[in-house]
Peer 1: 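After the structure tokens below, expect a handful of questions from me.
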Amino acid sequence: MVEDPKRKSLFVLAGILLLSSAQAGNIKTISGYHCADFQTANFLHGSKLNVQFLLFTSSNPSCGELILADDSIKNSSFNSSLETKIIIHGFRALGTKPTWIEGLVHAILHISQVNVIAVDWVHGSTGAYYSAVENVTELALFISHFISKLLALGVSASSIHIIGVSLGAHVGGLVGHFHNGQLGRITGLDPAGPKYTRASLEERLDPGDALFVEAIHTDADNFGIRIPVGHIDYFVNGGKDQPGCPRFISAGLLEQAGVNKRRLPMEVNAYLMTSSSAPFCVHHSLIEFHLQKKRNAITSIEITFFSNSTKDTTKITIPKQEEVGRRLLAHRAPLFQTNIVTLKYLPKNRFWRKDESQIVGKFCAAPLPLGNNRTMFCLPWNLTLYDNTELSLQLSAYT
């Protein structure tokens with residue numbers, strides 16, 4: 001999809017308004033470092049894939065180190081003990097560097113000490129959109145192989161966070177799929193819609209691609225995907241045209257030609273989850289229940305977290321012929337302060353048919369966001385849940 005100025009609203013959500021106009025394709029020197037930049041491509045002949053990885057660190061947030069092979073990773077500024085953010089851009093109609101890359105890199109490194117790797121596939125994302133789509137699988141394999149090199153250096157899979165914009169969101173999903181969903185996190189910023197709305201789970205971003213998958217939708221009425229693709233999906237302002245952004249398709253082309261159109265910001269509605277008492281903030285955990293065997297009925301399980309002074313409840317629903325149900329639970333006490341968790345199986349009894357009186361499965365939970373010290377944990381034994389009967393567990397012993 002075309003990355004027009006509507007994409008910039010994605011980074012408003014993250015507090016990112018640090019756009020840069022640096023010329024693409026230049027090699028520059030900062031404090032003795034040779035700095036690589038994004039390639040540029042002729043939009044008439046830019047469909048052949050050519051990938052490079054640029055490393056940015058807190059000590060040099062404006063200088064990209066070009067990483068080519070195993071040895072260059074070992075001899076670079078890459079720190080295997082830190083979390084790694086991998087940024088993947090999307091379709092580039094005119095073969096230019098994404099204007100938002102440097103702003104996003106600076107914003108990430110301003111708030112956290114991590115490795116930031118920008119994937120430059122301008123060559124391969126240029127020309128016709130459908131030519132770029134044809135390069136997605138090859139690009140995902142290329143990035144997956146690169147991540148395998150990082151894992152071989154001792155990097156934890158759960159410490160890797162892929163941030164994919166537009167078509168790059170589905171590239172990130174495919175990378176996560178190739179790593180069996182064990183990467184820590186994938187964030188899809190306005191995942192592309194064309195060719196993906198009706199695609200299979202194996203072809204597009206979906207919750208199985210990482211331990212935690214989130215998506216922010218801001219252009220679902222044009223080039224963005226309209227369906228949920230993550231564990232949690234944010235449809236900002238309905239997921240459609242954003243306040244203060246141009247409402248016509250060619251706006252991105254006008255900006256690239258040097259014509260900038262700006263409007264004063266309008267009021268933006270943000271919906272947040274809060275508690276009923278000070279300090280009003282809540283914590284979030286991803287909870288899962290894995291059935292021992294599939295059922296030919298919808299399975300509902302009520303789950304409640306208890307701390308010394310709080311009680312927070314949600315319900316997991318597992319569709320027919322599926323084994324795993326997931327739910328985001330907002331709770332007022334941190335997960336490590338949760339003393340007891342209760343699980344209650346809620347069968348669907350009808351006058352013409354009674355549901356099973358018990359189910360067997362495994363309970364898992366993870367504090368969000370996942371990172372170096374935050375991972376998914378599962379109780380080491382199967383639980384038997386009986387019809388409308390609470391099962392209490394001492395969760396504090398396992399968190």
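For clarity, every value in this text was computed on a predicted model and none was experimentally measured.
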Peer 1: Not counting sequence neighbours, which residues clear salt bridge (Lys or Arg N to Asp or Glu O under 4.0 Å) with R326? List them please.
Peer 2: E288
Peer 1: Do any side-chain atoms of residues 107-117 form donor-acceptor pairs under 3.5 angstrom with protein atoms, and if so which ones, sequence neighbours left out?
Peer 2:
{"unit_1": "S112", "atom_1": "OG", "unit_2": "I108", "atom_2": "O", "d": "3.0"}
{"unit_1": "N115", "atom_1": "OD1", "unit_2": "N79", "atom_2": "N", "d": "3.0"}
{"unit_1": "N115", "atom_1": "ND2", "unit_2": "N79", "atom_2": "O", "d": "2.7"}
{"unit_1": "N115", "atom_1": "ND2", "unit_2": "T84", "atom_2": "OG1", "d": "3.4"}

Peer 1: Check A118 against F56 and note the closest heavy-atom contact, atom names and distance.
Peer 2: CB-CE1, 4.0 Å
Peer 1: Are I162 and L153 connected in the hydrophobic side-chain network, where two residues link if heavy atoms are under 4.5 Å apart?
Peer 2: yes
Peer 1: If you round to the nearest 0.5 Å, how far is NZ of K149 from NZ of K74?
Peer 2: 10.5 Å
Peer 1: Hey, what's the ring geometry for F53 with F142, parallel, tilted or perpendicular (30° and 60° as the breaks)?
Peer 2: parallel
Peer 1: How would you list all residue pairs meeting side-chain hydrogen bond (donor to acceptor under 3.5 Å, both in side chains) that involve residues 167-182, not counting sequence neighbours?
Peer 2: S144-H179
Peer 1: Under the criterion side-chain contact (heavy atoms from CB on, under 4.5 Å), I'd like the reasoning laid out for F178 against I143: C-alpha separation, chi angles, the key distance, then a yes or no.
Peer 2: CA-CA 10 Å; F178 291 150; I143 298 172; over 6 Å; no
Peer 1: Sorted by first residue and then second, give each disulfide (SG to SG under 2.5 Å) pair with at least one member in residues 335-369; sequence neighbours left out.
Peer 2: C364-C378
Peer 1: Kindly compute the distance separating CD (E83) from OG (S158), expressed to the nearest 0.5 Å.
Peer 2: 8.5 Å
Peer 1: For the residue pair Q321 and N296, establish whether any side-chain heavy-atom pair is separated by less than 4.5 Å.
Peer 2: yes
Peer 1: Taking T314's backbone N and O only, do any of them form a donor-acceptor pair with D312's side chain (distance below 3.5 Å, no angle check)?
Peer 2: no
Peer 1: Checking R204 now: which residues fulfil side chain to side chain donor-acceptor pair (under 3.5 Å) with it, not counting sequence neighbours?
Peer 2: none
Peer 1: Establish whether L141 and L139 are linked, either directly or via other cluster members, by ILVMFWY side-chain heavy-atom contacts under 4.5 Å.
Peer 2: yes
Peer 1: Can you check whether H123's main-chain N or O pairs, donor with acceptor, with N50's side chain at less than 3.5 Å?
Peer 2: no
Peer 1: What are the two closest non-hydrogen atoms of L205 and P191, and how far apart are they?
Peer 2: CD2-CG, 4.4 Å
Peer 1: Does E356, at its CD atom, have more than 12 non-hydrogen atoms belonging to other residues, nucleotides or ligands within less than 6.0 Å?
Peer 2: yes
Peer 1: Measure the spacing between CG of N388 and OG of S357 and express it to the nearest 0.5 Å.
Peer 2: 11.5 Å
Peer 1: Any salt bridge (Lys or Arg N to Asp or Glu O under 4.0 Å) pairs touching residues 162-185, not counting sequence neighbours?
Peer 2: R185-E214
Peer 1: Yes or no on side-chain contact (heavy atoms from CB on, under 4.5 Å) for I359 and F289, after CA distance, side-chain angles and deciding distance?
Peer 2: CA-CA 11 Å; I359 59 172; F289 194 85; 4.2 Å; yes
Peer 1: Does the side chain of L54 reach to within under 4.5 Å of the side chain of L66, using non-hydrogen atoms?
Peer 2: yes
Peer 1: Show the nearest heavy-atom pair for residues L291 and E322, with the distance to one decimal.
Peer 2: CD1-O, 3.8 Å
Peer 1: Quick one: are F78 and L150 in side-chain contact, heavy atoms under 4.5 Å?
Peer 2: yes
Peer 1: Indicate the atoms forming the closest heavy-atom contact of A140 with V175, along with that distance.
Peer 2: O-CG2, 3.6 Å
Peer 1: What is the minimum heavy-atom distance between T317 and S300, and which atoms define it?
Peer 2: OG1-OG, 4.2 Å
Peer 1: Can you sort out the partners of Y345 under ring-ring contact (aromatic ring centres under 6.0 Å, His included), two or more places apart, ordered by chain and number?
Peer 2: none
Peer 1: Between E102 and K97, is the closest basic N to carboxylate O distance under 4.0 Å?
Peer 2: yes
Peer 1: Answer yes or no: is there a donor N or O on one side and an acceptor on the other, between the side chain of H89 and the main chain of W121, under 3.5 Å?
Peer 2: yes
Peer 1: Can a donor-acceptor pair be found, under 3.5 Å and without considering hydrogens, that links the side chain of N382 to the backbone of V360?
Peer 2: no
Peer 1: Does D206 offer a backbone N or O that forms a donor-acceptor pair with the side chain of D209 under 3.5 Å?
Peer 2: yes
Peer 1: In Å, rounded to the nearest 0.5 Å, how long is the span from CG of L343 to OG1 of T384?
Peer 2: 11.5 Å
Peer 1: Does any N or O in the side chain of Q39 come within less than 3.5 Å of the main-chain N or O of G95, such that one atom is a donor and the other an acceptor?
Peer 2: no
Peer 1: Using a 4.5 Å cut-off on heavy atoms from C-beta on, say whether the side chain of T310 contacts that of Q337.
Peer 2: no
Peer 1: Go through Y234 and I232 one step at a time and tell me if the side-chain contact (heavy atoms from CB on, under 4.5 Å) criterion holds.
Peer 2: CA-CA 7 Å; Y234 303 93; I232 183 167; 3.6 Å; yes
Peer 1: Rounded to the nearest 0.5 Å, how far apart are CD1 of I301 and NZ of K344?
Peer 2: 13.0 Å
Peer 1: Run the side-chain contact (heavy atoms from CB on, under 4.5 Å) test on H290 and E323 for me, step by step, so that the C-alpha distance in whole Å, both residues' side-chain angles and the decisive distance to 0.1 Å come before the verdict.
Peer 2: CA-CA 6 Å; H290 299 246; E323 294 180 347; 6.0 Å; no
Peer 1: Using the ring-ring contact (aromatic ring centres under 6.0 Å, His included) criterion, which residues pair with F305? Sequence neighbours excluded.
Peer 2: H331
Peer 1: Measuring only between side-chain heavy atoms, which start at C-beta, is W100 closer than 4.5 Å to L189?
Peer 2: no
Peer 1: For I287, is there any backbone N or O sitting under 3.5 Å from a side-chain donor or acceptor partner on S285?
Peer 2: no
Peer 1: Determine the minimum heavy-atom distance between I67 and S76, stating which atoms define it.
Peer 2: CD1-OG, 4.3 Å
Peer 1: Kindly compute the distance separating OG (S159) from CG (L151), expressed to the nearest 0.5 Å.
Peer 2: 8.0 Å
Peer 1: Name all residues meeting the salt bridge (Lys or Arg N to Asp or Glu O under 4.0 Å) criterion together with E202; count only those two or more places apart in sequence or in a different chain, and write none if there are none.
Peer 2: none
Peer 1: Looking at K195, I'd like to know if its NZ atom is crowded, meaning that more than 12 non-hydrogen atoms belonging to other residues, nucleotides or ligands lie closer than 6.0 Å.
Peer 2: no
Peer 1: Hydrophobic cluster membership, with links at side-chain heavy-atom distances under 4.5 Å among I/L/V/M/F/W/Y: are V324 and L329 in one?
Peer 2: no
Peer 1: Would you say L385 ends up clustered with I298 if hydrophobic residues are merged whenever their side chains have heavy atoms under 4.5 Å apart, either directly or through other cluster members?
Peer 2: no
Peer 1: F306: what forms a ring-ring contact (aromatic ring centres under 6.0 Å, His included) with it, not counting sequence neighbours?
Peer 2: none
Peer 1: For H161 and I86, indicate whether the former's side chain and the latter's backbone hold a donor-acceptor pair under 3.5 Å.
Peer 2: no
Peer 1: Taking only residues two or more places apart in sequence or in another chain, which ones pass ring-ring contact (aromatic ring centres under 6.0 Å, His included) with F235?
Peer 2: H217
Peer 1: Can you confirm whether S392 sits close enough to T342 that some side-chain heavy atom of one is under 4.5 Å from a side-chain heavy atom of the other?
Peer 2: yes
Peer 1: Do the non-hydrogen side-chain atoms of L211 and L286 ever get within less than 4.5 Å of each other?
Peer 2: no
Peer 1: So, the side chain of T389 versus the backbone of D387: is there a donor-acceptor pair under 3.5 Å, distance only?
Peer 2: yes
Peer 1: Under 4.5 Å between side-chain heavy atoms, counting indirect links through other Ile/Leu/Val/Met/Phe/Trp/Tyr residues: same cluster for L346 and L391 or not?
Peer 2: no
Peer 1: Taking only residues two or more places apart in sequence, or in another chain, which ones meet D233 in a salt bridge (Lys or Arg N to Asp or Glu O under 4.0 Å)?
Peer 2: none
